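Being a predicted model, the structure only gives us computed values, none of them experimental.
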Amino acid sequence: MSNEVLVVGLDIGTTKVCAVIGEVNEKGSLEITGVGTCPSTGMKKGQVVNIEATLRSVSQAIEAAEMMSGREIHEVWAGIGGSQIDGINSRGVVAVKGKGHETKEIGSDEIKRVLEAAQAVLIPMDRKLLEVIPQHYIVDDQKGIQDPLNMIGVRLEAEVHIITCSTTGAQNLIKCVNRAGFRVKDLILQTLAAGRAVLTPEEKELGVAIVDLGGGTTNLLVYSGGAPYSINTIPAGGTQVTSDISIIKNISFEISEKIKLEKGCCWEPFLDDDDEIIVPGVGGRAPKAIPRSQILAIIRPRMEETFKLVKERLDKLSLSRSLGGGIVLTGGGAQLLGAAELAAHVFNLPVRVGSPLPVGGLVEDYRSPAYATAVGLALEGFDREQKTGGFSGVDSREKSGPRVWDKLKDWFEKEFF
């Protein structure tokens, strides 16, 4: 039996499903050894609307990744996002008690208690707690502490960002993956995963906004002081750009999507020559030519509108300092020619396109903004496995062997979730 350990990130989006397989090497670090994608037809604005179509897309994406890596997958870290996500900031306070009047060092128990106090907020029955992310701690009157462990004080406070998701939305997503034959180890916020893959520690510390341009939605995650500060979802994405081209030019959605990906542009200076795009005729009709400038005139207003909606959300935040790290664009929409330049014009901030930072393995295959979330899910899953001691040098196939309890658990999840 091989001793290789696998970590799999599964990004189920509105327009595509992406799977990334990572293997833990002899040095204990993660290497990407397989990637696979498949068009997604069962999702709308980040939520499952057709279980059968979604599970087929999940199966095909994972099978493609398995073929590339030569490994068999049993469990995944799945991403969740879209309009079903919500986030709030909260604060918790606990006393640090020593014997008598003695001062006491802050231990892991005190940190655990203050985080539990911070998440003691009223969450509606139809919402599920997804993440509790510490922003910073306060020991007595000392603010801005990242890790209070072993510090001395009598009062410990924690400011956290609490992320919730729709309970039914999460259950439907898990059901799709289970029925495709895989187990969800946990759900992770998609934009948090994308940030893990593309942002540097310096950007997070300076303050940065990651804008994930998806097919159905545009997701925003703001970092301030090194920690997540706010999340937002804008119900606009790449499919609306494609739909605009299709309606205005009276051509099919599939051809419009191809034109957008291959010839699309949203920044005039990048359109050197106004060459024509030949569109095949339908029903025996002759092909027709469309100047690229006309396609730009359709794409730019929609992209500019999306960026302005994001800017409105940013302007409403009470940030203690400006976003020194600027804006980082990820997702499939970030690959559109001129997207970063148009965003810089709208936000009046430095903008870059965020591709996953190299982590080893098939670097050329995954270093694209479209893979940012899937790579980040694998990295975040790897981090969580290490924190919980999940890696024991045993192959994931061995750990997921056909034990009776595992079979009963899988059957239960497939039938009732």
Side-chain heavy atoms of [X] within contact of [Y], under 4.5 Å:
X    : Y    : value
I111 : I106 : yes
I327 : L314 : yes
I80  : I188 : no
Y137 : Q146 : no
L173 : I12  : yes
V222 : I210 : no
V35  : Y371 : yes
V208 : L323 : no

If you measure from [atom1] on [X] to [atom2] on [Y], what distance do you get to the nearest 0.5 Å?
X    : Y    : atom1 : atom2 : value
R127 : T168 : CZ    : OG1   : 9.0 Å
I234 : K45  : CD1   : NZ    : 11.5 Å
I277 : I251 : CD1   : CD1   : 8.5 Å
L261 : L336 : CG    : CG    : 8.5 Å
C176 : N50  : SG    : CG    : 8.5 Å
E23  : S29  : CD    : OG    : 11.5 Å

Which heavy atom of [X] sits nearest to which heavy atom of [Y], and what is that distance?
X    : Y    : answer
V7   : A378 : CG1-O, 3.3 Å
L317 : S230 : CD2-OG, 3.5 Å
C38  : A61  : CB-N, 3.9 Å
A117 : V94  : CB-CG1, 4.3 Å

Output yes when [X] and [Y] qualify as a salt bridge under the 4.0 Å nitrogen-oxygen rule, no when they do not.
X    : Y    : result
R300 : E268 : yes
R91  : E157 : yes
K387 : D383 : no

### T233 and N219 side chains, donor-acceptor separation under 3.5 Å
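Judged by distance alone, the side chains do pair up.
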### Distance-only polar pair, side chains of Q135 and N89, donor-acceptor under 3.5 Å
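A pair is found: one side chain offers a donor N or O, the other an acceptor, under 3.5 Å apart.
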### Task
Sequence neighbours left out, what pairs pass salt bridge (charged side-chain N to carboxylate O under 4.0 Å, His left out) with at least one residue falling in residues 229-248?
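For residues 229-248, and leaving out neighbouring residues, the salt bridge (charged side-chain N to carboxylate O under 4.0 Å, His left out) pairs sorted by first residue read D244-R302.
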### Task
Let me see the working for I138 and L156 under side chain to side chain contact (heavy atoms under 4.5 Å, CB included), right down to the final yes or no.
CA-CA 6 Å; I138 303 170; L156 176 64; over 6 Å; no
#### Entry: Evaluation steps, side chain to side chain contact (heavy atoms under 4.5 Å, CB included), between V8 and E75
CA-CA 7 Å; V8 183; E75 52 193 19; over 6 Å; no
Are more than 12 heavy atoms from other residues, nucleotides or ligands located less than 6.0 Å from atom [atom1] of [X]?
X    : atom1 : value
K128 : NZ    : no
K249 : NZ    : yes
K112 : NZ    : no
K263 : NZ    : no
N250 : CG    : no

Taking the side chain from [X] and the backbone from [Y], do they hold a donor-acceptor pair closer than 3.5 Å?
X    : Y    : answer
S90  : Q119 : no
K16  : G215 : no
R196 : L377 : no
T218 : G237 : no
H136 : I145 : no
T373 : D11  : no
R313 : I231 : no
S57  : P39  : yes
Q84  : G46  : yes
Y229 : S318 : yes

Below 3.5 Å, can you tabulate the donor-acceptor pairs from side chains in residues 351-360 to any protein atom, sequence neighbours excluded?
residue : atom : partner : partner atom : Å
R352    : NE   : E203    : OE2          : 2.9
R352    : NH2  : V198    : O            : 2.6
R352    : NH2  : E203    : OE1          : 3.0
R352    : NH2  : E203    : OE2          : 3.4

### Query
Can you check side chain to side chain donor-acceptor pair (under 3.5 Å) on Q47 and S83, steps first, answer last?
CA-CA 8 Å; Q47 298 193 59; S83 56; 3.1 Å; yes
### Message
Does M303 form a side chain to side chain contact (heavy atoms under 4.5 Å, CB included) with V241? I'd like the steps, not just the answer.
### Response
CA-CA 8 Å; M303 291 294 292; V241 176; 4.1 Å; yes
Only distances under 3.5 Å count here; give the side-chain donor-acceptor pairs of residues 253-260 to other protein atoms, sequence neighbours excluded, each with its distance to 0.1 Å.
residue : atom : partner : partner atom : Å
S256    : OG   : S246    : N            : 3.3
S256    : OG   : S252    : O            : 2.8
E257    : OE1  : T242    : OG1          : 2.5
E257    : OE1  : K260    : NZ           : 3.3
K260    : NZ   : G238    : O            : 3.1
K260    : NZ   : T242    : OG1          : 3.0

#### Entry: Set of ring pair (Phe, Tyr, Trp, His ring centres under 6.0 Å) partners for F307, sequence neighbours left out
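Ring pair (Phe, Tyr, Trp, His ring centres under 6.0 Å) list for F307, sorted by chain: F347.
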### Query
With sequence neighbours excluded, what pairs up with E66 under the salt bridge (Lys or Arg N to Asp or Glu O under 4.0 Å) test?
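With sequence neighbours excluded, E66 shows a salt bridge (Lys or Arg N to Asp or Glu O under 4.0 Å) to no residue whatsoever.
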### Residues L206, R321; criterion side chain to side chain contact (heavy atoms under 4.5 Å, CB included); working and verdict
CA-CA 8 Å; L206 287 170; R321 56 187 291 186; 3.6 Å; yes
### Task
Check the pair K311, D315 against salt bridge (charged side-chain N to carboxylate O under 4.0 Å, His left out), reporting the backbone distance first and the verdict last.
CA-CA 6 Å; K311 189 175 186 300; D315 290 342; 3.1 Å; yes
### Query
Among H74, E385, R384, which residue meets the side-chain contact (heavy atoms from CB on, under 4.5 Å) test with K185?
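Going through the options one by one, the only one that passes is E385.
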### Message
Under the rule for side-chain contact (heavy atoms from CB on, under 4.5 Å), what residues qualify as partners of T15, not counting sequence neighbours?
### Response
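So T15 forms a side-chain contact (heavy atoms from CB on, under 4.5 Å) with T239.
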